[in-house]
K.L.:
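Shown below is the structure under consideration.
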Amino acid sequence: MSGWKVFGSLEKRLEDPSLLRGVGRFLDDIQVSGMLHAAFVRSPHSHARILHIDSNSALTIEGVRAVYTLDDLRPYLNNKRLVVGLPSPSYKQELDRPALADKEVVYVGEPIAIVVAESRYLAEDAAAIVNIEYEILPAVSDCRLAVEKSSILAHTQSPHNILAQFDMRYGEVESTFDNASYIFKENIWQHRGGSHSIECRGAVSFYEPTEDLVTLYSSTQSAHTAKNILIDMLGFDENKVRVIIPDVGGGFGPKLVFYQEDVSVVLAAMILGKPVKWVEDRREHFISTTQERDQFWEVEIAVDGEGQILGLRGSMVHDHGAYTARGINLAFNSALIVSLPYKVPCYFLEVLLAVTNKVPVTPVRGAGHPQGIFVMERLLDRVARELGIDRAEIRRKNLIKSDQMPFKKELETRGGSPVILDSGDYLSCMEQALEKVGYRDFSVRKEKALKEGKYVGLGFANYVKGTGRGPFETVKVKVGTSGKILVYSGAAAMGQSTRTMLSQIVADFLGGDVENINVITGDSSAVPIGIGGSASRQTVTAGSSALLAAKEVRNKLLKVAATLLEVSEEDLEINGRQINVKGVNEIKMDIGEVAHAVAGTPGYALPPGFEPGMESTKNFIVDDLTFVNGTVAVEV
Amino acid sequence: MGETRKISLTVNGKSYEEEVEVRFHLADFLRQKLGLTGTHLGCEHGVCGACTILMNGKSVRSCLMLAVQADGQELTTIEGIAPSEDEMHPLQEAFRDNHGLQCGFCTPGMLTTLLEFLEDNPDPSEEEVRIAISGNLCRCTGYQGIVAAALDAAQRLRDAKGV
């Protein structure tokens with residue numbers, strides 16, 4: 001290979017020029033001829049029975065085309081619920097969201113009807129006068145109360161409010177706590193939060209009768225997941241649905257979820273035979289986009305007189321919200337991550353997932369991990385305070401040291417693979433952070449600030465988190481007869497430079513010119529299967545697939561070019577679009593010409609020994625997580 | 001359609017005369033009527049700052065104004081910042097070089113806000129930059145890159161003027 005190295009060298013992002021000039025293409029920028037606009041009628045109650053829906057007045061507004069409730073959509077639905085939950089044996093009940101509310105609303109913001117009109121202004125006018133008669137039911141909003149036997153039911157048809165139950169344990173917990181010098185207990189309540197990507201959610205859908213194809217543009221983090229759910233719900237053949245992700249203005253987890261609005265917009269477009277757009281406004285985002293974090297922990301830490309951790313035990317109630325929009329993964333991640341950076345000889349955590357009359361909960365920036373880390377760090381601060389040991393010192397004592405690695409935790413990931421901390425220097429990471437934040441002199445600053453009437457605080461936390469979640473992300477690399485390099489992937493971009501990343505990796509094998517590479521992500525028609533953007537996974541999975549595919553295409557390019565040029569392939573190199581004999585610029589071919597040679601001409605043989613096409617599709621498969629670490633320190 | 005009124009205005013140096021519904025807000029007008037979709041809507045109540053544009057050189061929230069209020073005014077949106085098709089404004093260059101954006105959704109408001117700010121304060125401190133963009137929310141970058149880009153752009157603009 002030539003001297004250049006694109007990956008790892010600082011490249012300007014390929015995404016930036018269009019975004020900086022205001023010519024990106026976000027969901028709301030999509031204009032389709034004849035497009036109608038949707039607004040949703042949402043529940044103002046956290047729990048109520050729907051007695052009657054009257055949309056007559058709404059339909060009298062000029063320009064309003066339709067008001068659809070679940071009853072109107074039902075004839076088109078193969079499955080009226082959105083089945084999205086990740087598998088787990090711990091479920092006690094299934095609570096999949098209906099396409100639109102079905103007789104009972106269970107959280108404020110739950111969509112009940114879709115209103116379609118000639119403009120969003122008119123759709124909102126009409127939505128405001130859809131008259132719904134409710135019987136208000138008692139609601140449960142505190143997850144601690146929800147799991148009690150006598151609790152009010154969040155869904156009147158459910159036997160109880162427990163969505164799932166599991167525990168995590170290893171080591172001799174009972175005897176350790178029986179014999180510990182010190183046990184400290186904390187009750188930790190972690191409150192709810194939203195993701196608030198600056199771009200809200202949105203969907204544009206249209207049906208093309210000539211192709212018998214339903215297209216959904218969605219600001220989702222996974223085109224293939226959306227497609228699969230649509231196929232399931234609409235009973236369509238796989239080739240009749242296409243999902244495309246335009247530029248996405250931040251994802252942060254909630255856009256990984258497929259929503260009621262997505263399927264409703266698709267159905268409205270199909271029924272009306274017109275393109276339909278819906279763009280969530282910020283108020284809707286507050287009450288209908290999934291959220292995260294409500295958890296109540298009761299935990300105990302056992303330590304010896306020196307502050308060495310002996311064990312950790314307790315229970316956690318996780319507020320799941322009103323429906324399953326993702327699964328039990330948040331609570332699982334929280335429980336799994338608690339002890340990771342530290343030597344904790346025994347551990348027991350009992351976990352209950354509570355159904356409440358609140359917005360469903362799914363990953364938001366960290367997917368349950370920050371909660372578990374917070375609990376551990378609070379416990380260590382408590383031990384430090386109680387035993388009069390410095391906060392940094394207590395962590396130094398208990399962090400897993402680099403010479404103890406690989407360190408196998410007695411835990412398993414949700415897919416059953418082992419948790420092995422293979423490398424890292426957690427201690428030095430923490431020391432560097434403390435150095436940078438000026439931990440040693442903090443007491444001086446604190447005292448000085450106090451004299452000026454100001455309170456300052458300094459907090460820090462260590463974390464270890466699994467990244468690069470598998471099992472794969474397909475990448476196809478192709479050299480077109482035009483000489484352009486095309487990279488197709490199921491990966492999804494929402495601001496993390498996916499296009500730049502894939503281009504850099506591919507460029508290193510195929511000429512080094514990122515400008516000659518087109519990256520196609522977030523399109524269900526680009527590759528047959530895909531997973532999408534979440535869990536810090538795409539550079540690991542899609543990036544590795546891209547590397548393997550680019551390598552294979554490079555080998556074939558050189559082999560075919562060597563045959564055509566009648567030289568040895570070892571003597572060839574690729575520079576930009578050109579393949580030439582090293583140092584001999586006269587003996588050369590354009591990569592497009594080489595691709596053309598294996599593209600096939602009717603009745604003529606391919607170059608001997610070659611399969612047709614200048615492309616390679618690879619799936620780098622990974623089951624294990626890569627555990628990364630970090631220290632966060634802040635002075636406020 | 002409700003009551004309409006005819007307005008004329010200049011956007012990025014180009015004159016427009018349009019019949020507009022009186023309740024249409026300015027951002028919807030720019031995006032839907034003029035096709036200038038570079039101005040983004042993040043909250044539609046003046047909090048996030050993504051829809052910030054310049055009216056007669058001063059920053060305004062285009063989601064908090066009605067289109068009819070822009071009658072007779074001169075507007076600049078993100079599409080009008082670069083001097084040409086091939087060239088970007090030093091502020092845009094600085095954003096690219098300093099990782100001042102990830103998803104790019106807040107970027108139009110950041111650029112317009114900083115354009116006005118750097119005009120008023122060509123040699124700002126880091127703290128002044130942070131205060132200047134305090135009405136613009138970014139959820140991706142953590143602001144570090146944006147602040148660095150603003151300071152870098154200020155330097156580039158000063159160098160260009162020979163100050």
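By convention in this document, chain letters (A, B, ...) are assigned in the order of the sequence lines, proteins followed by strands, and residues within each chain are numbered from 1.
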K.L.:
Please work out which of the three classes, parallel, tilted or perpendicular, describes the rings of B:F105 and A:F26, given edges at 30° and 60°.
P.N.:
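Aromatic pair A:F26/B:F105 classed perpendicular.
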K.L.:
Give me the atom names and distance for the closest heavy-atom approach of A:C200 to B:G42.
P.N.:
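That closest heavy-atom pairing would be SG-O, 4.1 Å.
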K.L.:
Could you look at A:E199 and say if it's the side chain, the backbone, both or neither that has a heavy atom under 4.5 Å from chain B?
P.N.:
both
K.L.:
Drop me the distance from B:D28's CG to A:S119's OG, to the nearest 0.5 angstrom.
P.N.:
9.0 Å
K.L.:
Could you tell me which non-hydrogen atom of A:R21 sits nearest to which non-hydrogen atom of B:M88, and how far apart they are?
P.N.:
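Heavy atoms of A:R21 and B:M88 come nearest at NH2-CG, 3.7 Å.
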K.L.:
Kindly give the heavy-atom pair with the smallest separation between A:L20 and B:L111, and that separation in Å.
P.N.:
O-CD1, 3.6 Å
K.L.:
Verify, without hydrogens or angle tests, whether B:Q102 (side chain) and A:Q496 (backbone) share a donor-acceptor contact under 3.5 angstrom.
P.N.:
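No, B:Q102 side chain to A:Q496 backbone: no donor-acceptor pair under 3.5 Å.
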K.L.:
Got a second to check how far B:H25's NE2 is from A:Y121's OH, nearest 0.5 Å?
P.N.:
4.5 Å
K.L.:
Against chain B, label A:R365 side chain, backbone, both or neither, depending on which of its atoms sit under 4.5 Å from a heavy atom there.
P.N.:
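Side chain only.
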K.L.:
How far does SG of B:C43 sit from NE2 of A:H196, to the nearest 0.5 angstrom?
P.N.:
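Reported to 0.5 Å precision, the distance equals 11.0 Å.
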K.L.:
Within the distance-only criterion (no hydrogens, no angle test), does the side chain of B:R96 pair as donor or acceptor with the backbone N or O of A:R13 below 3.5 angstrom?
P.N.:
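Checked: pair present.
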K.L.:
Considering all heavy atoms of both residues, which atom of B:L101 and which atom of A:L19 are nearest to each other, and what is their separation?
P.N.:
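In terms of heavy atoms, the two residues are closest at CD1-CB, 3.7 Å.
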K.L.:
Decide, yes or no, whether a salt bridge links A:D28 with B:R31 under the criterion of side-chain N to carboxylate O below 4.0 Å.
P.N.:
yes
K.L.:
Is the backbone of B:E44 close enough, under 3.5 Å, to the side chain of A:R282 for a donor and an acceptor to pair up by distance?
P.N.:
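Checking the backbone N and O of B:E44 against the side chain of A:R282, no donor-acceptor pair under 3.5 Å is found.
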K.L.:
Would you mind telling me which of B:L36, B:T39, B:D97 has the largest number of heavy-atom pairs within less than 4.5 Å of chain A?
P.N.:
B:D97
K.L.:
Among the options B:Q32, B:E87, B:H89, B:M110, pick out the one with the most heavy-atom pairs lying under 4.5 Å from chain A.
P.N.:
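Sorted descending by pairs with chain A, the first entry is B:E87.
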K.L.:
Quick check for you: to the nearest 0.5 Å, what is the distance between B:C140 atom SG and A:I198 atom CD1?
P.N.:
8.0 Å
